[in-house]
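Below: one structure, written as structure tokens.
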Amino acid sequence: MTAATLDAAVEPGFTKTGGAFREYALAGILHMDHLADMATAEQRSEVTRHAATLGPALGLGPQEACDRLAALLTKHAEEWKSYMNSLGAHSFVRQWARTEQ
């Protein structure tokens, strides 16, 4: 994941890094990046709406569901930032992600 390109990151001889493979790799990185974005204060109303849906399914009240979801998102954002920083400046993952390091 520290490689400068997706092609350089895969096993030698693996040649199917274009098309769908590349699109899935990009989508996976962006999904993790977007999930980290949900920990920001600007996204709190959206998190509250999601918590209202999740709470009853988990047997939680609205505030507890919101607090737990916010904590999960904050933890993910911290871990994502740490992971991204560990990759180095030339990683293709960092180039694809929107997160500012």
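What you see below is based on every heavy atom in this structure, not just the backbone, and it leaves out hydrogens, waters and symmetry mates. Keep in mind that this is a model prediction, so the values were computed, not measured.
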message: Strictly distance-based, threshold 3.5 Å: is any side-chain N or O of S82 a donor or acceptor partner for the main-chain N or O of E79?
response: no
message: Between Q95 (side chain only) and H90 (backbone N and O only), is there a donor and an acceptor less than 3.5 Å apart?
response: yes
task: Taking the side chain as every heavy atom from C-beta outward, state whether T2 and F92 have any pair of such atoms under 4.5 Å apart.
output: no
task: Please check if the side chain of S91 supplies one atom and the backbone of L87 the other of a donor-acceptor pair under 3.5 Å.
output: no
message: Tell me if a side-chain donor or acceptor on T74 pairs with a main-chain N or O of A70 at a distance below 3.5 Å.
response: yes
Pairwise distance OH(Y83) to CE(M1) - rounded to 0.5 angstrom: 4.0 Å
field: Steps toward side-chain contact (heavy atoms from CB on, under 4.5 Å) verdict (R94, N85)
entry: CA-CA 8 Å; R94 284 188 63 154; N85 286 334; 3.8 Å; yes
message: With rounding to the nearest 0.5 angstrom, report the NE2 to CD distance, H50 to Q43.
response: 8.5 Å
- prompt: Mind checking whether D7 and F14 have side chains closer than 4.5 Å, heavy atoms only?
  reply: no
- request: Identify the two heavy atoms, one from K16 and one from F21, that lie closest to each other, and give their separation to 0.1 Å.
  value: O-CB, 3.0 Å
- prompt: Looking only at atom types and distance, does a side-chain atom of T40 sit under 3.5 Å from a main-chain N or O of D37, one as donor and one as acceptor?
  reply: yes
message: Minimum heavy-atom separation for L6 and W96, please, with both atom names.
response: CD2-CH2, 3.9 Å
query: Are the side chains of M38 and L69 in touch, meaning some heavy atoms are under 4.5 Å apart?
result: no
message: Could you report the tightest heavy-atom contact between A97 and L30, atom names first, then the distance?
response: CA-CD2, 4.4 Å
- request: Could you grab the distance from atom CG of L73 to atom CZ of R44, nearest 0.5 Å is fine?
  value: 9.0 Å
task: Enter the distance from W80:CH2 to H34:NE2 here, rounded to the nearest 0.5 Å.
output: 10.5 Å
- prompt: Do you know which two heavy atoms are closest between A51 and P56, and how far apart they sit?
  reply: O-CD, 4.5 Å
